[in-house]
Q: 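Structure incoming, see below.
Below, each value reflects all heavy atoms present in this structure, side chains not excepted, and no hydrogens, waters or symmetry copies. Numbering starts at 1 and runs along the sequence shown. Read the numbers this way: they start at 1 and go in the same order the structure lists the ligands and their atoms.
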Amino acid sequence: MRLKNIPGSRETIAASELVIHEAEKLKGGWSEEFGRKAPLAIEIGMGKGRFLMGMAEQNPGIDYVGIEKYSSVLLRAIQKLEAQPKENVRLIRMDAEYITEVFAPGEVDIIYLNFSDPWPKDRHAKRRLPSRQFLARYDQFLKEGGRIEFKTDNRELFDFAVEEVAESVFKIKEITYDLHNDSVMNQGNIMTEYEERFSAEGNPICKYILERK
Ligand code: SAM
């Protein structure tokens, strides 16, 4: 998702208290930032934030950090959060490539990847957020017993993601190729912006949940 550049979005983000500006400084200190010891969940490539806000509302006992690369997209999430403030949500504008600089070993309980960009060219495979390279990064800060949840309607990307798990320290705990018709995995499902759009077009949604081997 890349919205047209919105004039002033960088300035608005710089001035926003909902955005963490030097996130590396919080590495190992996220519980102090939230002012409590609670499970920490992150969404990487959060887009406009519908899923993150919905999860934060559904689970007030969990703290959430949303990560988004583009200012123009993050701006929409900021506007949403300003309209309905939530104490258990913080936002970061960054490229997830540097994510290990922001979270310390064992600091994160759950990682959500939703409708990640497919990067269809083979030479860009390592940029895909469920690639083996990213799984190795997630391993560095995911808690013992933590999990990774990924959903997408893109079957090619999902098949790639499933293959990549074998090259990582993780294993598949649960998997479905039609989330909305899976009564167990769909329980409590909060739809993302993309999920709403693509499922309305009739595309089945794939999802896996990973845990360590
Ligand atoms: N998760 C949202 C949803 O399901 O509606 C948005 C999906 S959109 C296809 C993918 C989002 O991930 C975009 O907003 C994009 O800017 C963001 N993104 C892609 N690569 C990223 C990266 N390396 N770091 C942070 N955000 C990234």
Side-chain angles (χ1 to χ4, degrees), residues 1-6 9-10 12-13 18-24 41-58 64-81 89-103 108 110-121 123-138 140-142 148-158 160-161 164 176 179-180 185-186 188-201 203-209:
M1 183 189 310
R2 191 147 183 206
L3 303 178
K4 252 194 343 209
N5 186 40
I6 300 171
S9 59
R10 278 186 177 266
T12 306
I13 289 169
L18 304 170
V19 179
I20 304 294
H21 299 290
E22 290 177 294
E24 336 56 74
I42 67 173
E43 185 186 7
I44 307 175
M46 60 174 290
K48 299 180 200 165
R50 183 187 199 273
F51 174 84
L52 192 81
M53 314 296 169
M55 291 297 284
E57 206 160 292
Q58 197 180 75
Y64 290 88
V65 177
I67 295 165
E68 170 54 49
K69 186 155 79 168
Y70 291 112
S71 307
S72 52
V73 185
L74 186 66
L75 186 65
R76 300 295 184 217
I78 293 173
Q79 288 163 342
K80 234 180 235 157
L81 196 52
V89 177
R90 301 287 188 279
L91 306 174
I92 305 176
R93 192 193 65 77
M94 70 174 284
D95 188 325
E97 206 184 318
Y98 306 104
I99 195 156
T100 56
E101 293 172 21
V102 168
F103 299 103
V108 173
I110 312 172
I111 300 170
Y112 294 105
L113 310 172
N114 292 318
F115 295 79
S116 307
D117 290 340
W119 290 105
K121 290 186 180 140
R123 69 171 192 277
H124 291 147
K126 61 175 186 286
R127 295 188 191 173
R128 299 172 192 153
L129 295 179
S131 66
R132 68 189 73 180
Q133 290 84 358
F134 270 99
L135 292 178
R137 289 182 180 111
Y138 306 149
Q140 291 182 48
F141 58 80
L142 191 68
I148 301 171
E149 300 198 8
F150 169 52
K151 52 183 177 175
T152 181
D153 69 316
N154 185 321
R155 184 59 193 267
E156 266 180 53
L157 177 65
F158 193 68
F160 164 84
E164 291 295 274
T176 176
L179 177 64
H180 296 173
M185 284 188 79
N186 199 41
N189 183 51
I190 296 210
M191 287 216 251
T192 76
E193 277 95 356
Y194 272 62
E195 185 171 357
E196 202 158 67
R197 193 194 311 166
F198 293 127
S199 59
E201 288 173 10
N203 298 0
I205 307 302
C206 304
K207 175 173 178 175
Y208 72 39
I209 299 177

Q: Can you name the residues that form a salt bridge (charged side-chain N to carboxylate O under 4.0 Å, His left out) with R137, not counting sequence neighbours?
A: none

Q: I'd like to check the side-chain hydrogen bond (donor to acceptor under 3.5 Å, both in side chains) partners of E196; sequence neighbours left out, ordered by chain and number.
A: R50

Q: With rounding to the nearest 0.5 Å, note down the distance linking CE in M46 to CG in L74.
A: 6.5 Å

Q: Which atoms of ligand 1 have any heavy atom of M94 under 4.0 Å away?
A: 24 (N), 25 (C)

Q: Please check whether Y70 reaches ligand 1 - meaning an N/O of the residue sits under 3.5 Å from an N/O of the ligand, judged on distance alone.
A: no

Q: Donor-acceptor check, side chain of D117 to backbone of W119, threshold 3.5 angstrom: yes or no?
A: no

Q: I'd like to know if the side chain of N114 pairs up with that of E43 as donor and acceptor (distance under 3.5 Å, no hydrogens or angles considered).
A: yes

Q: Does ligand 1 come near enough to A96 that some N or O of the ligand is less than 3.5 Å from an N or O of the residue?
A: yes

Q: Testing the 3.5 Å rule here: is there a donor-acceptor pair between the side chains of N189 and K207?
A: no

Q: I want to know if ligand 1 touches S116 in the polar sense, i.e. an N/O pair below 3.5 angstrom.
A: no

Q: Mind checking whether L129 has an N or O less than 3.5 Å away from an N or O of ligand 1?
A: no

Q: I need the atoms of ligand 1 closer than 4.0 Å to a non-hydrogen atom of T192, numbered in the order shown.
A: 3 (C), 4 (O), 5 (O)

Q: Which atoms of ligand 1 sit under 4.0 Å from any heavy atom of E193?
A: 5 (O)

Q: Can you tell me which portion of E195 lies within the under-4.0 Å heavy-atom range of ligand 1? Options are side chain, backbone, both, or neither.
A: neither

Q: Just how far is it from atom OG1 of T100 to atom CZ of F134, taken to the nearest 0.5 Å?
A: 10.0 Å

Q: Contact between E43 and ligand 1, counting heavy atoms under 4.0 Å?
A: yes

Q: Checking side-chain contact (heavy atoms from CB on, under 4.5 Å) for the pair I44/Y138: CA distance, chi angles, key distance, verdict?
A: CA-CA 11 Å; I44 307 175; Y138 306 149; 3.5 Å; yes

Q: Could a heavy atom of I44 be found less than 4.0 Å from some atom of ligand 1?
A: no

Q: Just which atoms of ligand 1 are under 4.0 Å from any heavy atom in F115?
A: 4 (O), 7 (C), 8 (S), 9 (C), 10 (C)

Q: Evaluate side-chain contact (heavy atoms from CB on, under 4.5 Å) for F115 paired with R197, printing each intermediate quantity in order.
A: CA-CA 11 Å; F115 295 79; R197 193 194 311 166; over 6 Å; no

Q: Give the atom numbers and elements of ligand 1 that come within less than 4.0 Å of a heavy atom of D95.
A: 22 (C), 23 (N), 24 (N)

Q: Test your reading of the structure: does E97 have an N or O sitting under 3.5 Å from an N or O of ligand 1?
A: no

